[in-house]
Number of protein chains: 2
Amino acid sequence: MNKKNITIYDIAKEANVSPTTVSRVLTNNPLVKESTRQKVLAKMKELDFSPNEAARRLTKPQANLIGFILPDITNPFFSQIYMEVEKRAFQKGYTVLLRNSMSISEVESTYLREFTERRAACIVFMGGRINKTKPSEDEIHEMQDVLSKVPIIMINGKMKGVKSANIRTNEEEGIRSIVEHLVSLGHKKIALLGGVKGISSSDNKLSSFKRVLKEYSLEFNEEWQIYSDFSVDAGRKAMKKLLEKEILPSAIIGINDLIIYGAFKECRDQQIPIETFSFVGFDDIYPSDIVHPSLTTVNHNYEVLVNEVMRTIDSIINGKGNGKGKIINTQLIIRESSKES
Amino acid sequence: MNKKNITIYDIAKEANVSPTTVSRVLTNNPLVKESTRQKVLAKMKELDFSPNEAARRLTKPQANLIGFILPDITNPFFSQIYMEVEKRAFQKGYTVLLRNSMSISEVESTYLREFTERRAACIVFMGGRINKTKPSEDEIHEMQDVLSKVPIIMINGKMKGVKSANIRTNEEEGIRSIVEHLVSLGHKKIALLGGVKGISSSDNKLSSFKRVLKEYSLEFNEEWQIYSDFSVDAGRKAMKKLLEKEILPSAIIGINDLIIYGAFKECRDQQIPIETFSFVGFDDIYPSDIVHPSLTTVNHNYEVLVNEVMRTIDSIINGKGNGKGKIINTQLIIRESSKES
DNA sequence: TTGTAGGCGTTATCAA
DNA sequence: TTGATAACGCCTACAA
C-alpha cells in the first residue's frame, strides 16, 4: 500500500527549505512567508504527505483525547449521551474514544489502562464498577491509580475514596415524581420491576420507592418488587413472575424503560390487555415515544446533563479544578401508559 | 495531576539496568532473566509507570487501529453492527475508533484525515458519500487519496473508481422477498415510503420494487412512492402525505424500520386503525420486535455481515489482498404487521 | 523570515 | 542475558 512514509524532511528537501519551516507550515505558524508556505503546501500535496499523529503527540505531555467508557452503546440511554458529547467535543477539537465495557470489570481495566497510556485528557465513566454498591478493593485501587494520572468524570455513579468529578441524575426525585403521579391517579398498589441488588441505580430507586410509599401511607409489598436485570428480556421475566402472584398491583414501575418494553411483550404473549395496568418507565429513551401504548417515563434532562459533562471536561482540561459533583433534576413525561386506577 | 512523566529511563536508573532491558520487559521479550524482570516490574509499579503509547507507536509504521465512520450511532442499525465489530476487534487486540459523520461530507473529510494521520490499519465506512448515487469529484478524489494510504472497507455502499473492499446486503433481494410476501397475502396495491432520491440504498430499493411489481403484473403507482428521509419523523410526514391521496394502498413498505414507526405514529394521531394497512419495514432493528404491532421486516443477517467484515479486516491487515466484494443475503422476518389483504 | 540542534519516550540493531 | 546507540517524525527554543 504505502511505499515509503513521507516525512517533513522529504518535503523540506524537495521544497528547498528546512524541516523547521515545513513544521511551521504544519502548525500554521504565521511567521512563514506566504510564498514559502505555498511552495511547501504544494510539495506536501504533490508527495501526498500526511503528518504522523504519533510523532506529533510525542512532543505534547497529553493528548486532546477524551476516553469514554460505558456498558453498551446499543442501549439508547448511553448512545444518546455519548452522541451528544462526541458532537460537542468535535467542535472543540477534542477526540472522543468510545469503549464498551459490557460492565465487565476486566474489560474496564483494559480500557482504563489504554486511556492512561494514550495520555487521555480525561475519562468519562458510566456503568460497571462505579455503579456497584460495594466495588472490590482492587477496583477501587485501580481507579485511584488511574486518577493520579488522568482525571475521571463519573456519570451516575461514584466510588468511595475516589476523588473524581461526579454528575448524576436525581434518581430519588425521579422515583418520587413517578409515585406521586400514580398516587394522583388513584393507584395504591404499585410494583417495581427490574434491576439488580447491589447496583446503586437499583438500590437508590428501591429505597426512594419505599420512602415515598411510606410518606403516602401505602404498602410496600415485597411480592411486587422483583429484581431481574436491565434488559427487555429481563422485563419479560420479571413481568412473568409478577403475573403469577395471587394479588396483583394496579401500577407497575420499571427500573428503566427497557424493562417495561419487556413487560408489554409478556402481557401480549399471555393475552393480557396492557390496559390492565398503568406502566411507568425510567430514562425516556427514544423508543418510549414509539411503543404502544407510549410510555410514561422519567427524562434525564439529557441536554442539561451533557452540558454539565462538557462544562466539567472544560474545567478539567483548562485546569480550573476538578469540577465537583452536580445533581441533575429529572422530568416526568406523561404519556398513554399511565391512567386512572 | 501528574508531577513528572516517568519514563523507562527513570525505571532503568532506579533498577540499575539499561533502558533497553526495561523496554524488553515491556515487550515481554523472553530473553530477560526472570530475576531482572521482577526487579524491573517492581520498580515500574513503585513509580507508577505507564508506557507512553505515542512513543511506542512512533516506532511502528502503522497502528493497530480500525477507524469506523458511520452516520449516527444512536440508530440501532449502525450500533448493532458497530458493537459487534468492536467486540471482535477487542479479542484480536485491535482498537476501534468510532466517528459519527451525520453523513456530512466535511465531517467525513475530517475523520478520513484523522485516521490517515493516525496511521490506521484500515477504515470501515458506512453511509454518507459512499451512499450517494452521484458523489462529487472532490469526494471521489479524497477517497482515492486516502485509499492510497489506508485500505477502506465499505459497508452497503460503493464509489466509482475507488478500489475498496465492499460488503453489502442484498437489498434488491430483500425488497423482492417483501413484495412476494405481500403478494402471497393477496395485496395488489403497495406503497413505498421514505428515503431520498440519489441515495443508493433508496435508489436500489425503488428500482427493485418497480421490477418485482412488474414481474407480478402489478401497478406501480407514483402517488404511493413518497420520498422523505430515513427517520421516524420522516416516516410520519410521508404517511401523512400518503393519507391525503384519493386512493389508498393496502400495504406499505418502509425504506427502513424507522419510517414505519413514524407511519404508526401518524395513524394513531389521525385515529386510523393500524390494521387498515399491512406494514413491512427494512433492517430489523431491535425495537421492531417491541413496537406494536410487531413489525414484519427484512433482517440483514448481522452475524454473517459482521463475520464478513472481520474476515476482510483480517485479510487486509495480514496482507492477504484487499478482500473483494461480498454480498450478504437478507432474511424476511414475518411478524404481526403484515396480514391478509 | 528561516535554519540548527536537541528533545519527546520507545523500539530495533548490533555488540559485548 | 545485557547494554550503547541510532532511529521513529515532529516540535520548539535559540540563533542567525
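Letters A, B, ... mirror the listed sequences (proteins, then strands); counts begin at 1.
- Between the side chains of A:S136 and A:R129, no donor-acceptor pair of N or O atoms lies under 3.5 Å.
- A residue-by-residue look at B:L58 and B:V32 shows that B:V32 has its nearest nucleotide of DNA chain D further toward the 5' end.
- Under the 30°/60° scheme for interplanar angles, the aromatic rings of A:F68 and A:Y82 are found to stand perpendicular.
- As rounded to whole Å, 20 Å separates atom P of C:dC8 from atom CD of A:E53.
- Between the P atom of D:dG3 and the CG atom of B:L31 lies a distance of 13 Å, rounded to the nearest Å.
- In this structure, A:E34 atom CD and C:dT2 atom C1' are separated by 16 Å, rounded to whole Å.
- Rounded to whole angstrom, the span from the CZ atom of A:R24 across to the C1' atom of D:dT12 amounts to 9 Å.
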Self-check item: Steps toward side-chain contact (heavy atoms from CB on, under 4.5 Å) verdict (B:N28, B:R37)
Solution: CA-CA 9 Å; B:N28 290 315; B:R37 174 188 308 281; 4.3 Å; yes
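- C:dG9 atom P lies 9 Å from atom CG of B:D10, rounded to whole Å.
- In this structure, the OH atom of B:Y9 is 13 Å from the C1' atom of C:dG6, given to the nearest Å.
- Residue B:N16 contributes atom CG, which lies 14 Å from atom C1' of D:dG3 at whole-angstrom precision.
- Between the CD atom of B:E117 and the P atom of D:dC8 there is a distance of 20 Å, rounded to whole Å.
- Looking at heavy-atom distances under 4.0 Å, A:V17 makes contact with sugar-phosphate atoms alone, never a base.
- There is a side-chain donor-acceptor pair under 3.5 Å between A:S164 and A:N166.
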